[in-house]
There are 2 protein chains.
Amino acid sequence: MAITSHDVARLAGVSQPTVSRALRDDPRVSVATREKVRRAAQALNYVPSEAGRTLSTRSTRRIGVIVTDLTNPFYPHVVAPLHDELQRLGYRMMLLTERSDEAVAEEKLLDQSLDGVVLATATTDSRLPAQLDRRGMPYVFLNRDTGGSGDYASVVDNEGGGRLVADVLVGLGHRRIAGIFGAANTTTGRERELGFRLALADAGIGLPADRVVRGAFEYDTGYRALPALLEAAEAPTAVFCGNDVVAIGVLNAALAAGLRVPDDLTVIGFDDLPMAAWEVFRLTTVRHDLRELSRQAARLLVRRIDGDADPAGERLVLPTEFVPRATHARLH
Amino acid sequence: MAITSHDVARLAGVSQPTVSRALRDDPRVSVATREKVRRAAQALNYVPSEAGRTLSTRSTRRIGVIVTDLTNPFYPHVVAPLHDELQRLGYRMMLLTERSDEAVAEEKLLDQSLDGVVLATATTDSRLPAQLDRRGMPYVFLNRDTGGSGDYASVVDNEGGGRLVADVLVGLGHRRIAGIFGAANTTTGRERELGFRLALADAGIGLPADRVVRGAFEYDTGYRALPALLEAAEAPTAVFCGNDVVAIGVLNAALAAGLRVPDDLTVIGFDDLPMAAWEVFRLTTVRHDLRELSRQAARLLVRRIDGDADPAGERLVLPTEFVPRATHARLH
DNA sequence: CCTCGTTTGGAATACGTATGCATTTCTATG
DNA sequence: CATAGAAATGCATACGTATTCCAAACGAGG
């Protein structure tokens, strides 16, 4: 059923190696035969076998992208530019959507079917990076990393972003401030919390335990956290959320609870997903360049594969910017 | 760098074929040597080469899923159950996210690196199915198909769903009704429109051209369509949207235009994405079982690959159900 | 003690492509 | 016209795994 280069060779009246060379524009094959081979390949609808090529060249021109939950709107916005940039660099993207990092490691990453890996949902306790290191598989972190030195990573200035928000909230007069941060085993969660806490501390404001929630970067985290925060002795007047998806969960919970935003509650997100600008939300948030974050990761990985990256590791950090919309207000 | 079955064989003191057999639990290898080989493989962290196996067996146990725009929240909700079901069936999912169907065909689907394909974003004018047929590559349509007979498809009763909505709107007293349908080259768009029109016609209600918009199943389609519909001589009192994402665009546009939903305008979607239930939307819509739709597609494809499917084609149709929430109201 | 059948393992090879090396076919130059 | 050199193509082989076929070893029965 499948058509091989041998079939093309037979039809064109040349040898198989000549077909291989002709189709790859090897200068060693004459223009005449090149044309002849091309026509034969066209006629037979020949497509080179990926497996054969891989086995022969020991290179797949394919890069794996690990994402645990595509349902989270954040990731599609990462995956799309990643795909385009990788394609531009001559690689194909293979999206691996596993529930957990670990299941992925053994079977799929190390079977020589990938030239490199982008880790988009790394946790600080994952054993995956070590496994990849051991097998010499090039990889980069995207958005999250493990916080170790010597890593290759394209990340955001999370700490700076957290600081931005704290400064704004303090400037608006808020004192009873709550935080719904990301999971403690993610650097995005930790760094945003750190920056936020440090800037609050600079202003002499504390963040008591009953005004702090940590959880996955999901809608439900925000949706369920708000009622809990409101039950505290002194309800917060402002909430900083680990990302936009969590903030949107909070906004919906606020609506369910009959709270008006921003009059009764200021809500601030992180990421500035397209969704954040929707009229129903008009979410005040922290922006960073998600496209550039992804493109940078792609380029860094390819540099690493080519051996052109700094052997000591490279950590590319993108700046953040405060985006005022309609979910924050001065405390009255 | 890479460890092969030959390395394992050397360490275990057996031949390479024995390694292959031992790790695949071939009864022809004794329990003792099997254990010996296993330990050697373990010690070396051996992972079989995908390319080598593919070349030898001519089977990849890998299925491609074609989706054009992951940014559209509909698709992640299809991809996740698809991934799980395929995994359950012993296949790996490879997600192909190309802008257009055509770019995909030549290079990626026919290079013998896939055992089958799921088409989730087919258009009626796509040449891709014909190409796959020509090369004997098994495939199924998911959600959308091309409307041809002899196809293998897992779809929704779109026409019935369209009828449901029309009946409800008529029953609520609406007469000036608008439709924002999907693209004309998709069966989902066409069938929902057809069912809607037929049921309206049954009630003696027409659908004039200035109350009809067609466009991609995207947020922007709804967001931009509403202002246009409102400019008509007689503004509609109800809008049926081709899917939830479009409806959400309409809801945001309504908010921007100062229209109250459902008092000023009834809005109805299709799909019942999790997002539709969010408090900010509470979208009245048409539900179908997206998980089952995906699982069914996976099972159908695997049956087709195994040669167990009906050679005349199979078209599995899931029922729809009306989901009343808060975006519809009786005309007063 | 010989023979036959069974069990277990190895040798050889196929899968499809790419590439180093040998070979042929030109062209140009003496 | 002979020959060196360049250009073009073919031959042989490697890549890693799975499988077909064959050989060895072993035990049982006569």
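Chain A is the first sequence line, chain B the second, and so forth, proteins listed ahead of strands; every chain is numbered from 1.
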Those residues that, when tested against A/Arg299, pass side chain to side chain donor-acceptor pair (under 3.5 Å) (two or more places apart): A/Glu85, A/Glu292

ring-ring contact (aromatic ring centres under 6.0 Å, His included): pairs with one or both residues in residues 13-38 of chain A, sequence neighbours excluded: none

For B/Asp25, all residues meeting side chain to side chain donor-acceptor pair (under 3.5 Å), sequence neighbours excluded: B/Arg38

Bending between helix ends of the helix from C/dC1-D/dG30 to C/dG30-D/dC1 [5 pairs per end, 10° resolution]: 60°

Sequence neighbours excluded, every pair satisfying salt bridge (Lys or Arg N to Asp or Glu O under 4.0 Å) that has a member inside residues 3-16 of chain B: B/Asp7-B/Arg10

Show the distances under 3.5 angstrom between N or O atoms of the protein and N or O atoms of nucleotides 24-26 of chain D.
none

Partner set under salt bridge (charged side-chain N to carboxylate O under 4.0 Å, His left out) for B/Arg303, not counting sequence neighbours: B/Glu314

B/Ser294: side chain to side chain donor-acceptor pair (under 3.5 Å) partners, not counting sequence neighbours: none

Salt bridge (Lys or Arg N to Asp or Glu O under 4.0 Å) pairs, two or more places apart, involving residues 57-84 of chain B: A/Arg99-B/Asp84, B/Glu50-B/Arg62

Protein-nucleotides 6-10 of chain C N/O pairs under 3.5 Å:
| from | atom 1 | to | atom 2 | distance (Å) |
| --- | --- | --- | --- | --- |
| C/dG9 | OP1 | B/Ser30 | OG | 3.4 |
| C/dG9 | OP1 | B/Thr33 | OG1 | 3.2 |
| C/dG9 | OP2 | B/Ser30 | N | 3.0 |
| C/dG9 | OP2 | B/Thr33 | OG1 | 3.2 |
| C/dG9 | O6 | B/Arg28 | NH2 | 2.2 |
| C/dG10 | OP1 | B/Ser15 | N | 3.4 |
| C/dG10 | OP2 | B/Ser15 | N | 2.9 |
| C/dG10 | OP2 | B/Ser15 | OG | 2.7 |
| C/dG10 | OP2 | B/Thr18 | OG1 | 2.5 |
| C/dG10 | N7 | B/Arg21 | NH2 | 2.9 |
| C/dG10 | O6 | B/Arg21 | NH1 | 3.4 |
| C/dG10 | O6 | B/Arg21 | NH2 | 3.1 |

Qualifying ring-ring contact (aromatic ring centres under 6.0 Å, His included) pairs with a residue from residues 53-82 of chain A, counting only residues at least two apart or across chains: none

Which residues share a ring pair (Phe, Tyr, Trp, His ring centres under 6.0 Å) with B/Phe141, sequence neighbours left out: B/Tyr139

